[in-house]
Amino acid sequence: MTQQTNQSWGGRFSEPTDTFVAAFTASIGFDKRLYHHDIRGSIAHATMLSQVGVLTEDERDAIIDGLSDIERDIEAGNIEWSVALEDIHMNIEARLTDKIGITGKKLHTGRSRNDQIATDIRLYLRDEIDAIDLELTRLREGMITLADREADTIMPGFTHLQTAQPVTFGHHVLAWQEMIGRDHERLRDCRKRVNVLPLGAAALAGTTYPIDRHVTAELLGFDRPAENSLDAVSDRDFAIEFTSFASLLLMHLSRISEELVLWSSAQFDFIDLPDRFCTGSSIMPQKKNPDVPELVRGKTGRVYGHLMSLLTLMKSQPLAYNKDNQEDKEPLFDSVDTVKGCLRAFGDMIPAIEAKNASMYEAARKGFSTATDLADYLVRQGVAFRDAHEIVGKSVAYGIETGKDLSEMTLSELKQFSDTIEQDVFEVLTLEGSVAARNHIGGTAPNQVRASAQRARDTLAHFTGGTAQ
């Protein structure tokens, strides 16, 4: 008589699986986090099987009660996971059979572990997307509040990390909010493609049982069943798309982190991060290290790696399901965990940033940040822009030589470069005048920054179905 090697598939085999191979191929070590979604999917599957007459109502109720008991046992820590049972599905099914007898073995009718795991991952990711959505909303609200508060705070704007033109800190923070807003839209768009039901595709070709996939989809809150059984079990585009979203989000958070690290340094001294988001040095007692933004910046690399891992995982797979796909979970799980951790940190930290107004203002006075305003002034006086550019360039060279900013030069000093310059030039050479002059939508004028913040608040409220604060 042939020895049974595994209760889910051992009938065809004549010897047990090698111990190392059993451990090497098992996924229970990481897919056990899917227990809630696996049980939820199984309850919906059993309910549907009862509706179409494959299970009796008594069998359905026994299965549902047993699964509910198992979930409580798991949450109480009373489950010992078995590597021999390979994965979360078989661990739960074996426990169910122990509890309710042979009826537990009927649960797998009309499905395969292939469509089961595809369903579990989608249920899991959908829930995580909804949690991440809330964190993105919280972060954007914090950014908008900070921007509104600092609409008048003048700071230097940079290109090439060189002083370019004056802006306000509020205007700069709204640029961050725009980045995160695009990420928020990408996440919502990704969710649409996650929310498709694979269950019912079985191993790859569907099932001969009279299942109703629309019933299962409705029970589980999916928009629709997957259209093609081959694609349903083998598709991992949704996981790649989520990790692509995560990579873009972390890239944006990393760019923000870089600025926070620079700005909190003694050399910039633009902002102060609360102590609770920083750490000290074991040897240098004066240090206050911006560890949170540094760590977020560092975590970006691991998410990029997960994206490449998933892309590489899928690039050579023929249809339909392959064992390779077991490797999709750990990169996805870690991407989810990393995104949630980074967003929680930023959601707490961003609203608590304290701007050092005087330091920012003094920095904006350096580097001839109003040079473009002088060129624009000359153009308004009838000077061709290229000629105005050269005139201002010579003025800046003179300022470097004499150690004077443009606003510190006398009228006679400025007129040596162009006779068209008059006393009113000093209205545009001040930082306040420069910032206020860009009084258009998307501009730096404080009233425009406040208006932009309100539009962002209204857009976010409409996007999330909430109300503007």
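Worth saying up front: this structure is predicted, and the values here are computed from it rather than measured.
Summarising the local packing, CZ of Arg344 is surrounded by 12 or fewer heavy atoms from other residues, nucleotides or ligands at distances under 6.0 Å. Around atom CD of Glu294, more than 12 heavy atoms belonging to other residues, nucleotides or ligands sit under 6.0 Å away. In Lys356, the NZ atom is crowded: over 12 heavy atoms of neighbouring residues, nucleotides or ligands sit closer than 6.0 Å. Taking a 6.0 Å sphere around CZ of Arg255, one finds it holds 12 or fewer heavy atoms contributed by other residues, nucleotides or ligands.
Heavy-atom minimum distance, His45 versus Thr109: NE2-O, 2.7 Å. Residues Thr444 and Val435 approach most closely at OG1-O, 2.9 Å, considering heavy atoms. Ala46 and Ile63 get closest at one heavy-atom pair: CB-CG2, 3.9 Å. Residue Asp269 comes nearest to Ser359 through the heavy atom pair O-CB, 3.0 Å, listed as atom of the first residue, atom of the second, then distance. Between Ala352 and Arg276, the closest heavy-atom pair is CB-NH2, 3.6 Å. The minimum heavy-atom distance linking Gly442 with His171 is given by the pair O-CE1, 3.0 Å.
Within the structure, the side-chain hydrogen bond (donor to acceptor under 3.5 Å, both in side chains) test picks out the following pairs touching residues 313-323 (sequence neighbours left out): Gln317-Asn322, Gln317-Asn325, Lys323-Gln326. The list of side-chain hydrogen bond (donor to acceptor under 3.5 Å, both in side chains) pairs with a residue in residues 21-32, not counting sequence neighbours, reads Ser27-Asp31.
Contact check on Lys99 versus Asp73 returns a salt bridge, with a Lys/Arg side-chain nitrogen under 4.0 Å from an Asp/Glu carboxylate oxygen. Under 4.0 Å is where a charged nitrogen must lie from a carboxylate oxygen, and between Asp237 and Arg193 no such pair does.
Between Phe270 and Phe158, the ring planes are parallel. Angles under 30° get that label, and only those over 60° would be called perpendicular.
In this structure, Arg122 fails the cation-pi test against Phe222, since its NZ or CZ atom is not both closer than 6.0 Å to the six-membered ring centre and inside 45 degrees of the ring normal.
Counting only heavy atoms from C-beta outward, the side chains of Val52 and Tyr209 never approach each other to under 4.5 Å. For the pair Leu250 and Val339, the minimum side-chain heavy-atom distance is below 4.5 Å. The shortest side-chain heavy-atom distance between Asn439 and Gln448 falls under the 4.5 Å cut-off. Two residues are said to be in side-chain contact when any heavy atoms from C-beta on lie closer than 4.5 Å; Asp328 and Met314 fail this criterion. A 4.5 Å side-chain heavy-atom check between Ile79 and Arg95 finds at least one atom pair inside the cut-off. In this structure the side chain of Leu34 reaches within 4.5 angstrom of the side chain of Phe333, judged on heavy atoms. Looking only at side-chain heavy atoms (C-beta outward), Arg33 and Asp337 come within less than 4.5 Å of each other. The shortest distance between side-chain heavy atoms of Leu161 and Leu262 falls below 4.5 Å.
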From CA spacing to verdict: side chain to side chain contact (heavy atoms under 4.5 Å, CB included), Met360, Ile154: CA-CA 6 Å; Met360 287 184 174; Ile154 292 175; over 6 Å; no
Derivation and outcome, side-chain hydrogen bond (donor to acceptor under 3.5 Å, both in side chains), residues Arg186 and Ser244: CA-CA 9 Å; Arg186 273 185 280 268; Ser244 178; over 6 Å; no
Verdict with supporting geometry, Glu128 and Lys340, side chain to side chain contact (heavy atoms under 4.5 Å, CB included): CA-CA 9 Å; Glu128 296 295 349; Lys340 289 172 71 176; 2.8 Å; yes
Chi angles and distances behind the salt bridge (charged side-chain N to carboxylate O under 4.0 Å, His left out) call for Glu75, Arg72: CA-CA 5 Å; Glu75 291 172 350; Arg72 285 189 287 270; over 6 Å; no
Criterion side chain to side chain contact (heavy atoms under 4.5 Å, CB included) on Leu249 and Val303, from CA distance to verdict: CA-CA 10 Å; Leu249 172 67; Val303 175; over 6 Å; no
Can you list, pair by pair, the side-chain donor-acceptor contacts under 3.5 Å of residues 283-293, counting residues two or more places apart and other chains?
{"from": "Lys287", "atom 1": "NZ", "to": "Asn289", "atom 2": "OD1", "distance (Å)": "3.2"}
{"from": "Lys288", "atom 1": "NZ", "to": "Asp272", "atom 2": "OD1", "distance (Å)": "3.1"}
{"from": "Lys288", "atom 1": "NZ", "to": "Leu273", "atom 2": "O", "distance (Å)": "2.5"}
{"from": "Lys288", "atom 1": "NZ", "to": "Asp275", "atom 2": "OD1", "distance (Å)": "2.9"}
{"from": "Asp291", "atom 1": "OD1", "to": "Thr279", "atom 2": "OG1", "distance (Å)": "3.3"}
{"from": "Asp291", "atom 1": "OD2", "to": "Thr279", "atom 2": "OG1", "distance (Å)": "2.5"}

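Distance CG/Leu248 to CZ/Arg182: 9.5 Å, rounded to 0.5 Å. Rounding to the nearest 0.5 Å gives a distance of 10.5 Å between CZ of Arg457 and OG of Ser452. A distance of 10.0 Å separates CG of Leu139 from CG of Leu460, quoted to the nearest 0.5 Å. Rounding to the nearest 0.5 angstrom, the gap separating the CZ atom in Arg111 from the OG1 atom in Thr216 is 10.5 Å. With rounding to the nearest 0.5 Å, the separation of CG in Leu431 from OG1 in Thr168 is 12.0 Å. Residue Met48 holds its CE atom at 14.0 Å from CD1 of Ile43, rounded to the nearest 0.5 Å.
Glu178 pairs by the side chain to side chain donor-acceptor pair (under 3.5 Å) definition with nothing, not counting sequence neighbours. Under the rule for a side chain to side chain donor-acceptor pair (under 3.5 Å), the partners of Glu259 that lie at least two apart in sequence or sit in another chain are His172, Trp176. Not a single side chain to side chain donor-acceptor pair (under 3.5 Å) links Asp115 to another residue, sequence neighbours left out.
Between Arg113 and the options Asp38, Asp120, Asp87, a salt bridge (Lys or Arg N to Asp or Glu O under 4.0 Å) holds for only Asp87. Partner Leu125 forms a side chain to side chain contact (heavy atoms under 4.5 Å, CB included) with one of Val336, Asn195, Ile132, Asp130 and no other, that one being Val336. For the salt bridge (Lys or Arg N to Asp or Glu O under 4.0 Å) criterion with Asp133, the lone passing option out of Arg140, Arg191, Arg188 is Arg188.
Remark: side-chain polar atoms of Thr338 are not paired, donor with acceptor, to backbone N or O of Ser335 under 3.5 angstrom.
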